Amino acid sequence: TNMQLKESDEDGFGIEIVLQQGDRKAPSCVHGPTLLFEKVCKGEEKGRRFYACSACRDRKECNFFQWEDDKVSEARLLAREEENRSKMPPFTHQEYCSRFRKFLALPLGRRFCQDCQLLLLPGEWEIHASHKMSQADDITEARLSRPSLMLKPLENKKSNAQYLFADRSCHFLLDTLAKLGYRKVLCVGTPRLHELIKLRNQEGKSDPMKSLLLDIDFRYAQFYGTDEFCHYNMFNHHFFGGEAASGVLRAFLDEEDGEKVIMVSDPPFGGLVKPLAHSFSQISETWRKLQTSEGGVVEMPIVWIFPYFFEPRILECFPSFTMLDYQVDYDNHPLYKHGKTGRKQSPVRLFTNLTPRDVVLPREEGYRFCKVCARYVWSGNKHCTKCNLCPSKDGRVWKHCSECQKCVKPSWRHCQSCARCALPDHPCGNSPGLEGCFNCGSLKHKRRACPLKDKRRTDNNRSKAMNSKRMSGAQRRANKLKKTTE
C-alpha cells in the first residue's frame, strides 16, 4: 500500500498520483498494475510522469520504476514477466486448500515452518529440518482457526506492515455491525475481524454471519477456501486470482438473499488515500449494480479505519463520511493502545457513511452521547457552543480561538504574524518552498486544487520551457540559494 510521498521537498519538488482514465494499461510489477505518478517542479506547468509500485514505497521491497514515455523493449518485458512470476507464491490457492486438507488429516503430528511461514506435509519435513519449527502440540484446531496468531506480522512500514486489531476493538466492531443488522462483512485488510466472525459462527451463540477476506498477504490462502479469501491489492483493486477471484467478490456482494453487506477496511497507514478511495469506489459500484430495489441506498455501507489526521483527504474523496471518536487499538503496535491519556491515545478512528448516532460507543470506555451533535463522542471532547460541534480529534480538550473562529489543539497559540494558530515554536512566516501552490504560488491552495492548473501559460513562458533543458538537482539548489541571498 504504500507509496506515501511528500507534497514537496527542499528542492521544490512534488509528487502527485494520477488516476488513469480510459483503457490504457499500466505496466505491472509483482504486486499487480503499477500506479502513475507525476513529478512536478515548483513554477513549472507540467511535470514528468512515471510508474511505480502501488504497494511499496521501499525500493528494496519492490524496485519497479518506469518513465511514462519510456519505450520498453520486448526483451525487457519478457525479463520483467519472468521476474514477476519468480516472486509469486509457491502454490496456487487451490493447491493451498488441498494441502490444508491433507495437513488436517495427518495422523502423527503437524509441523509449521516459522522461517518459511508454511504448513508442512511429511515429505517436506527433511527439507525444512534446519529451520525453526512449531511442533504438533502448538498446532491445535483452535490455533489453526486463528492464523493471525500463527503467522508472523509483516513489519516493513514502507510496504505492508500489519497491525492487528486488539480483541476489544474487534469485538466492538462485530457487535456493532450485528446490532445494525448486517449479515455479510467484506473484510478488506482485516484478518482478525474475519477470524472472529468464523469463531462466533462455530460457537453458535449468535446469528450466523458471512465474511470474505481480501488481503495482500497470500499466506492466509493456507487456511481459507477460495470462497473465504481472495489475494487482493487494495491500492490498485487487483485480484491476483484473476476473474475467478473477482467473481467471488461479486457473488458475495449480491444481496438477493436479503443479507445486508458492509465493507470494513483497515489499510496500511503509510498508503496513499486517493488510490484506496478509488478501489473502494469500484467495490461500491460493483455492489450498487447488484442492487435490485429501486430508490434504495445508493452508496455501499463502509467503515474505513485510519488515523484521524487523514480526515481532510478522506472527506475529499468521500464527502458523505463522518469521523467517529472511537479509538481503535492494536495488539502489536507499541503506541496505538486504548486507555492512555492525552497524545498517547490511539490516533486511529472510524470513518463511515453509517448514520453517526446509530454507532453506539461504549460508555464504560469513556464515551458519551452529545445531543446537539447527535453522535457519541469521547468524554474529553467538550461541545463548543461557538463552533456548535464537539471539535476534538485527538482525545484532548480543544480550546476556541476567537481570532481563527474555530477550536484548536490545547498546545497551540495564536500567532499574529502568521494570522493563525500554531505551536509556540513553529517557524514563523511562510517558509519558501514548503507551502502554497506549485503552479501559481498562491498560499491559499495546493497545486491539485489550483484553478490555473490546466490552463496554458503565456507564450513567453511556454517557449522558455520548450527551449530550456531540464536543470540538474545541483543547478536548482544553486539557483535557489542565489535567490535567497539577493
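As the structure is a prediction and not an experimental result, all values here were calculated from the model. Residues take their numbers from the sequence shown, with the count starting at 1. These values consider heavy atoms only, across backbone and side chains, with no hydrogens, waters or symmetry-generated copies.
A 4.5 Å side-chain heavy-atom check between W378 and C390 finds every atom pair outside the cut-off. Proximity of S145 to K198: side-chain heavy atoms (C-beta onward) are nowhere separated by under 4.5 Å. A 4.5 Å side-chain heavy-atom check between S392 and D394 finds at least one atom pair inside the cut-off. Proximity of R349 to Q327: side-chain heavy atoms (C-beta onward) are separated by under 4.5 Å at one or more points. Side-chain atoms of M150 and I139, non-hydrogen and from C-beta on, do get closer than 4.5 Å to each other. Between D266 and L193, every side-chain heavy-atom pair lies at or beyond the 4.5 Å cut-off. Contact check for Y232 versus F240: no side-chain heavy atoms found under the 4.5 Å cut-off. Using a 4.5 Å heavy-atom threshold, the side chains of P89 and Y96 count as touching.
Side chain of R99 to main chain of L119: a donor-acceptor pair is present (N/O by atom type, distance under 3.5 Å, no hydrogens or angles). A donor-acceptor pair under 3.5 Å links the side-chain atoms of S379 to the main chain of G366, judged by distance alone. With hydrogens and angles disregarded, no donor-acceptor distance shorter than 3.5 Å links the side chain of K274 to the backbone of L19. Judged purely by atom type and a 3.5 angstrom limit, E38 uses its side chain to pair as donor or acceptor with the backbone of G47. With hydrogens and angles ignored, the 3.5 Å screen pairs a side-chain donor or acceptor of S281 with a backbone N or O of A277. Using modelled atom types, no side-chain atom of R219 and backbone atom of P147 make a donor-acceptor pair closer than 3.5 Å. A side-chain donor-acceptor contact under 3.5 Å links R413 to the backbone of P410. Judged by distance alone, the side chain of N201 and the main-chain N or O of M209 form a donor-acceptor pair under 3.5 Å.
Looking at residues two or more places apart in sequence or on another chain, you find a side chain to side chain donor-acceptor pair (under 3.5 Å) between D207 and R183.
The shortest non-hydrogen separation linking C29 to C53 is SG-SG, 3.7 Å. When all heavy atoms of A374 and R357 are compared, the pair lying nearest together is O-CB, 3.2 Å. When all heavy atoms of S54 and N233 are compared, the pair lying nearest together is OG-ND2, 3.0 Å. In plain terms, the two heavy atoms of L180 and L354 that are nearest each other are CD1-CD1, 3.9 Å. F64 and S28 make their closest contact through CE1-O, 3.7 Å (heavy atoms, listed as atom of the first residue, atom of the second, distance). Here the closest heavy-atom approach between residue H237 and residue S279 is recorded as N-OG, 3.2 Å.
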- Begin with the C-alpha distance, continue with both residues' side-chain angles, and end with the deciding distance and a verdict on side chain to side chain contact (heavy atoms under 4.5 Å, CB included) for V360 and Y376. CA-CA 6 Å; V360 181; Y376 286 83; 3.6 Å; yes
- Dump the intermediate steps for salt bridge (Lys or Arg N to Asp or Glu O under 4.0 Å) on R168 and D329, then the final yes or no. CA-CA 8 Å; R168 181 194 71 89; D329 59 329; 3.0 Å; yes
- Item | side chain to side chain donor-acceptor pair (under 3.5 Å) between E299 and S284, worked out | CA-CA 7 Å; E299 190 176 48; S284 182; 6.0 Å; no
- Query: Between E228 and F223, does a side chain to side chain contact (heavy atoms under 4.5 Å, CB included) hold up when you go through it step by step?
  - Reply: CA-CA 9 Å; E228 299 173 308; F223 303 89; over 6 Å; no
- Go through the steps to decide whether E68 and V18 satisfy the test side chain to side chain contact (heavy atoms under 4.5 Å, CB included), and finish with yes or no. CA-CA 11 Å; E68 183 188 29; V18 181; over 6 Å; no
- Message: With side chain to side chain contact (heavy atoms under 4.5 Å, CB included) as the criterion, how do F172 and L350 come out once you've worked through the C-alpha distance, each side chain's angles and the decisive distance to 0.1 Å?
- Response: CA-CA 12 Å; F172 164 76; L350 307 180; 4.1 Å; yes
- Message: Show, in sequence, the C-alpha distance, side-chain angles and deciding distance for Q222 and Q117, and conclude whether the side chain to side chain donor-acceptor pair (under 3.5 Å) test is met.
- Response: CA-CA 10 Å; Q222 297 180 84; Q117 297 284 283; over 6 Å; no
- Item | salt bridge (Lys or Arg N to Asp or Glu O under 4.0 Å) evaluation trace for R200 with D175 | CA-CA 11 Å; R200 286 197 181 180; D175 289 342; 2.8 Å; yes
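Rounding to the nearest 0.5 Å places CZ of F112 at 11.0 Å from CG of D138. In this structure, NE2 in H278 is found 9.5 Å from CG in L35, a value given to the nearest 0.5 Å. Rounding to the nearest 0.5 angstrom, the gap separating the CZ atom in F351 from the CG atom in L315 is 7.0 Å. Remark: N353 CG to T322 OG1 distance equals 8.5 Å, nearest 0.5 Å. One distance of note links NZ of K409 with SG of C401; it measures 15.0 Å at 0.5 Å rounding. We find the CD-CG distance between Q114 and L151 to be 10.5 Å, quoted to the nearest 0.5 Å.
In this structure, Q416 places its CD atom where more than 12 heavy-atom neighbours from other residues, nucleotides or ligands lie under 6.0 Å away. Other residues, nucleotides and ligands place more than 12 heavy atoms under 6.0 Å from the CZ atom of R368. Crowding of K406 atom NZ: a count of heavy atoms from other residues, nucleotides or ligands under 6.0 Å not exceeding 12. Within 6.0 Å of NZ on K179 lie no more than 12 heavy atoms contributed by other residues, nucleotides or ligands.
Between F50 and F65, the gap from one ring centroid to the other is short of 6.0 Å. Here H93 and F229 bring their ring centres to under 6.0 angstrom of each other.
In this structure, F321 and F318 have parallel ring planes: the angle between them is below the 30° cut-off, well short of the 60° mark. By the 30° and 60° cut-offs, the orientation of the rings of Y224 relative to Y220 is parallel. The aromatic rings of F165 and Y330 are tilted relative to each other, their planes meeting at an angle between 30° and 60°.
Exactly one residue among L276, V348, V328 makes a side-chain contact (heavy atoms from CB on, under 4.5 Å) with F306. That residue is L276.
Counting only residues at least two apart or on different chains, the side chain to side chain donor-acceptor pair (under 3.5 Å) pairs with a member in residues 186-197 are R146-E195, S148-R192, S148-E195, R192-D331, H194-S211. Applying the salt bridge (Lys or Arg N to Asp or Glu O under 4.0 Å) test to every pair with at least one member in residues 319-328, sequence neighbours left out, gives these pairs: D325-R375.
Between E243 and R250 there is a salt bridge, with a side-chain nitrogen of the basic residue lying less than 4.0 Å from a carboxylate oxygen of the acidic one. Ion pair R313/E316 not flagged as a salt bridge, since none of the NZ, NE, NH1 or NH2 atoms sits closer than 4.0 Å to an Asp/Glu carboxylate oxygen.
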